[in-house]
Number of protein chains: 2
Amino acid sequence: MAAISHKVHVALGERAYDILIGPDLLDHAGAILAERFPGRRFGVVTDIEVEKAQLPRLRRSFEKAGLGFSVITVPSGESTKSWQHLQTVVEGLLAAKLERNDLVIALGGGVIGDIAGFAASITRRGMDFVQMPTTLLAQVDSSVGGKTGINSPHGKNLVGAFHQPKLVLADLSTLDTLSQRQFAAGYAEVVKYGLIDSPDFFEWLEAHQAEIFSGGPARGEAIARCCAHKARVVIEDEKETGVRALLNLGHTFGHALEKDTGYSDRLLHGEGVSIGMVLAHTFSARQGFAPGQDAGRIAAHLHKSGLPTTLADIPGTLGSTDTLMHAIAQDKKVSRGALTFILTRGIGKAFIEKNVDPDAVRTFIEDMRP
Amino acid sequence: MAAISHKVHVALGERAYDILIGPDLLDHAGAILAERFPGRRFGVVTDIEVEKAQLPRLRRSFEKAGLGFSVITVPSGESTKSWQHLQTVVEGLLAAKLERNDLVIALGGGVIGDIAGFAASITRRGMDFVQMPTTLLAQVDSSVGGKTGINSPHGKNLVGAFHQPKLVLADLSTLDTLSQRQFAAGYAEVVKYGLIDSPDFFEWLEAHQAEIFSGGPARGEAIARCCAHKARVVIEDEKETGVRALLNLGHTFGHALEKDTGYSDRLLHGEGVSIGMVLAHTFSARQGFAPGQDAGRIAAHLHKSGLPTTLADIPGTLGSTDTLMHAIAQDKKVSRGALTFILTRGIGKAFIEKNVDPDAVRTFIEDMRP
């Protein structure tokens with residue numbers, strides 16, 4: 001069946017599912033879904049850009065397989081992860097008369113996966129859903145593991161649910177339509193897996209970066225390795241009570257920067273993570289945990305990939321240090337006022353530090369400002 | 001500790017919890033929570049009426065126990081179960097800087113339990129919550145079992161989550177502040193348990209109705225028996241894939257009537273259930289499933305309790321039969337166009353019927369119209 005080049009199984013018991021990766025999966029999606037979910041109807045949630053670029057292919061494959069489906073389209077961009085658009089998607093699924101056993105399909109990047117998955121989790125108290133990620137970031141990170149949600153004025157992803165998909169279909173050809181900037185932003189999350197606990201993978205990325213960016217076979221392999229890594233972590237700690245928090249390497253700084261730039265085009269999520277990872281390594285070195293040279297090696301690799309690595313790389317004026325500290329304190333990982341950060345003892349040696357001194361962070365941010 | 005007159009355990013594995021019933025539990029709530037959830041902070045969600053009637057007691061007991069808490073107040077009534085107020089509650093919990101391990105408290109009737117529990121389930125991807133039901137309906141039904149949610153323009157409870165509370169505290173004294181009409185509406189759900197599979201309990205209710213309404217010892221016993229019944233059903237079928245649907249006896253008709261009357265004061269939820277249960281028994285008799293006299297016996301008992309039992313008892317003009325059929329077809333229990341109803345072979349012999357002919361329902365509604 002179809003051109004599946006890699007398959008990763010997420011062994012979560014009754015919530016287990018497969019991640020299928022291949023060069024043209026959207027053209028075979030209808031047949032795959034008809035086989036795996038016979039008799040269901042589908043509600044496709046997508047955004048305006050992906051609707052133009054990818055929906056025609058999905059539509060053809062659905063029609064060929066005789067599948068019934070409705071389409072709900074929302075605007076592109078992080079600001080779509082709002083109460084307003086959540087309501088639009090949920091009411092759209094209800095208006096389409098989808099029943100409790102039907103499936104929601106998230107066709108798009110991380111924003112679509114997050115909002116569509118969340119909408120599925122609360123429509124009729126929980127509908128099944130399928131991820132069809134069309135960006136690198138979504139394929140290696142957000143489409144796997146069941147974190148869904150929207151943003152609050154108080155911070156990113158503060159409203160949401162853990163809701164695992166029933167299947168993930170990652171079509172590699174969709175990545176060819178991404179801008180270099182979007183692709184690079186997703187690549188930051190690829191690098192993250194190496195930095196957490198896989199120094200070999202980081203070295204492999206240093207060696208294969210050009211091939212990954214140009215679309216050679218290393219691209220599919222990199223994606224499959226990231227998915228396998230994430231699956232392993234999610235199986236161990238589905239609800240993030242422990243080790244899953246390591247996947248937030250670079251994200252506490254990153255989220256604060258994203259909030260400060262209004263979740264706008266000024267800083268894509270992956271770009272925030274890129275800067276955040278460099279900051280986490282630099283801060284870890286300052287705190288005496290990590291050797292000083294790792295941050296530089298990482299920054300060089302990210303920079304070569306077209307990613308920002310310092311606060312100075314963010315266009316426009318950054319908010320005050322107080323504002324950034326406030327955003328950090330609202331992070332979901334905060335507990336009783338003490339800050340939790342993912343710190344590191346070097347490349348591939350990240351760890352969870354639950355008692356980070358806010359004053360040390362404040363001073364560090366002051367020093368890092370341009 | 002405190003005056004706990006009845007205790008019911010809901011044995012749901014890692015989601016297990018206790019239901020404590022007693023004459024003045026709100027006065028002891030602070031001590032109970034301090035012992036069971038040391039070191040947590042609390043966000044109390046309540047409505048304007050309950051805030052006046054009950055919050056001062058809770059406040060005193062919290063202060064005595066040295067517990068920190070915030071209060072979020074929403075309007076009273078079914079129309080509070082909306083997107084708008086859900087957003088108010090969630091953003092209120094975030095504004096109060098409650099953390100992932102803190103607790104949400106639902107202090108109020110079914111509306112508050114539903115919206116506060118749902119808000120807890122999606123704030124920071126899931127916070128724990130405690131039910132403190134202050135109406136009979138909430139104490140015997142909605143506070144137990146983890147169904148939470150809001151209404152959609154497409155129908156009641158179509159948006160929500162399964163999210164079990166960590167504890168239920170049912171203070172019997174709160175029922176003394178209810179109007180006769182509110183108390184009677186809750187009593188409809190008490191009667192429901194007898195009708196489903198406990199003819200002995202229905203007979204006991206017939207014998208003890210006056211004592212239950214006047215606040216004698218039978219009141220606490222009735223509530224405890226309902227909670228134990230519901231707990232048994234929820235343990236067997238938490239997500240309502242089977243037998244839990246029996247708890248919807250009278251609810252498919254009832255929901256349609258509630259929707260038709262705009263979820264307003266014209267028809268309380270329990271009143272809709274009361275009429276719905278009589279209709280379900282009458283329809284079952286028409287279909288040849290049940291003896292004809294049971295519907296009359298049930299109607300007599302409900303009528304004696306001050307409850308409406310026929311469509312003619314609803315004030316104002318009812319919508320067309322088409323409108324009612326449309327509402328029935330949007331029920332969460334619908335599957336592939338066939339209607340699912342809880343029907344019965346007599347008192348205490350309810351069953352799930354998945355292939356009810358829509359035309360038979362339509363004709364029946366026509367005949368029942370005043």
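Quantities reported herein were computed from a predicted structural model and do not represent experimental measurements. We name chains A, B, ... by the order of the sequence lines, and we start the count at 1 in each one.
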Closest approach of E240(B) to R100(A) (non-hydrogen atoms, all atoms of both residues): O-NH1, 3.7 Å

Under 3.5 Å, side chain of R125(B) to main-chain N/O of T148(A), donor-acceptor pair present? yes

Heavy atoms only, distances under 4.5 angstrom: which of G126(B), S121(B), P153(B), A119(B) has the most pairs with chain A? Name it, please. P153(B)

Taking every non-hydrogen pair under 4.5 Å, which of E91(A), H163(A), K97(A) racks up the most with chain B? E91(A)

So what's closer than 4.5 Å to chain B heavy atoms on A95(A): side chain, backbone, both or neither? both

Could you name each residue pair satisfying salt bridge (charged side-chain N to carboxylate O under 4.0 Å, His left out) that touches residues 250-259 of chain B, not counting sequence neighbours? K156(B)-E258(B)

Positive for side chain to side chain contact (heavy atoms under 4.5 Å, CB included) with L158(A), one of L94(B), T123(B), I122(B): L94(B)

Contacting region of S152(A) [heavy-atom separation from chain B under 4.5 Å]: both

